[in-house]
Amino acid sequence: MRNPLTLAAVLAALCGSAALADGTVAPGDVKYEDGAVAVSLTGTPGDPANGPAVIDRKGGNCIACHQISAVNLPFPGEIGPPLDGAGSRWTEAELRGIVANAKMMFPDSMMPSFYKTEGYIRPGVAYTSKPPEGPLDPLLSAQQIEDVVAFLMTLKD
Amino acid sequence: MKRLHMALLAALVSASPVLADEEAELVINGDLHIVTRAPAAPHLEGHLDEVISGWVFRSDETQALQMDDFDNPGMVFVDRAMEVWNTVDGSEGKSCASCHNDPAESMKGIRAVYPKWVESAKEVRGIPAQVNDCRENRMGAKPWKYEGNEMAEMEALITLQSRGMTVDVAIDGPAQSTWERGKEIYYTRYGQLELSCANCHENNFGNMIRADHLSQGQINGFPAYRLKNTKLNTVHDRFKGCVRDTRGVPFKPGGAEFTALELYVASRGNGLMIEGPSVRN
């Protein structure tokens, strides 16, 4: 997986700063307050048009667990609640927190933590069954998270 | 997820993920009545009330394939294993039959109590470890690969001799510490997706995860013939796939961790009946 964060993460590690070179907040530096994240992870507004791609299998595979009427994907899962109306139930900051690391909002949630790179037990490189040789990329990039949050905000009751 | 994707493709081809008739009864060859739902063993208190065979969660078509041995694609492999059973192999000039005679008698009931503590080896073993012990130390033959076809097929032949018998693995005595280790593995959230067996198979059985209808992940039906790869699959094969799908690194098939997990998962099926070789998608 080509991830623009990797280089930025290396740069950030080198200069030891919280914000990445391009202004992106690194996974370890995200500030959660009651499960919510007030500050944009990128400083660039999310593009809701990219939301459906993040929801699909090749993105965060949200569809494996959630039904979302606004995206036309077959066989949605039923592990989590349908996301219809999520933009009315939650604020943008709450949705950012839920997508970045749902366990901050819902302790022990089955939902994967999409913006995290550490603390795993026997992590592999995607579905290869092989252990990683270097640091892992988060499941979604900061921009993908901003995009899917912007999309979720359009899902009103 | 790769497997979810495959299942999705398969489902698209067949127009929709067809759900099983959850009230259906499993009767094999018209006369062997299989218990597919049973009260959960006492050690599952607070976790499950009822244990349910994976057969219940499959589509009508897949269910039907397991109801008649002429339709069950796993049966040809059992026939093949019967030939191997009778074939001399290794430096000692022996076949399985030389010592164990007719498997219908010598292997009856074995699968229902395995994995179990083997006193002579001072460890908990699954059937494959016993088979390889006989091959290496009693026949002077090469051990089979744990997930290889020969092993899966021989295990199916041995399993068939217990079909319809109630799963009853021991979890106490010398097996207890291995069982505890298996339980710990079952509830550990592995991989970058941080998912435990329990997340999917205890808390979400009956729910769809994308196009897959989640079962309790029972192993009373193993070895299982899978329509997906058209061969018999061992228990550890399945465990491996499930851990891989957490974006994790599986344990070694045939190794101590998966054997402990197998004992624990088998004990979650105490009360169900041995069904192998079963048919799954």
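We use all heavy atoms of the structure for the numbers below, so side chains are in, but hydrogens, waters and symmetry mates are not. Please read these numbers as outputs of a predicted model, since none were measured by experiment. Chain letters run A, B, ... following the sequence lines, proteins first, then strands; residues in each count from 1.
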Of all the heavy-atom pairs spanning [X] and [Y], show the shortest one and how long it is.
{"X": "A:D108", "Y": "B:R189", "answer": "O-NH1, 3.3 Å"}
{"X": "B:G191", "Y": "A:Y120", "answer": "O-CD2, 3.6 Å"}
{"X": "A:Y127", "Y": "B:L193", "answer": "OH-CD1, 3.8 Å"}
{"X": "A:M110", "Y": "B:N199", "answer": "SD-O, 3.5 Å"}

Should the heavy atoms of other residues, nucleotides or ligands under 6.0 Å from [atom1] of [X] be counted, would the total exceed 12?
{"X": "A:E33", "atom1": "CD", "value": "no"}
{"X": "B:K116", "atom1": "NZ", "value": "no"}
{"X": "A:K156", "atom1": "NZ", "value": "yes"}
{"X": "B:E25", "atom1": "CD", "value": "no"}
{"X": "B:N229", "atom1": "CG", "value": "yes"}

Please confirm whether the backbone N or O of B:N204 pairs with a side-chain atom of A:E78, one donor and one acceptor, at under 3.5 Å?
no
Any donor-acceptor pair under 3.5 Å linking the side chain of B:R210 with the backbone of A:N61?
no
Heavy-atom check, side chain of [X] versus side chain of [Y], under 4.5 Å:
{"X": "A:S113", "Y": "B:E194", "result": "yes"}
{"X": "B:V243", "Y": "A:R122", "result": "no"}
{"X": "A:I79", "Y": "B:N203", "result": "no"}

Shorter than 4.5 Å, heavy atoms on both sides: which option in A:K103, A:Q67, A:K58, A:H66 has the most such pairs with chain B?
A:K103
Please identify, among A:G77, A:G119, A:C65, the residue contributing the most non-hydrogen atom pairs under 4.5 Å to chain B.
A:G77
Engaged part of A:P131 at the chain B interface, taking heavy atoms whose separation is under 4.5 Å:
both
Heavy-atom proximity to chain B below 4.5 Å, by part of A:I63
both
Within residues 250-261 of chain B, residues adjacent to chain A where the heavy-atom gap is under 4.5 Å:
B:P250, B:F251
Heavy-atom distance under 4.5 Å to chain A: side chain of B:S196, backbone, both or neither?
neither
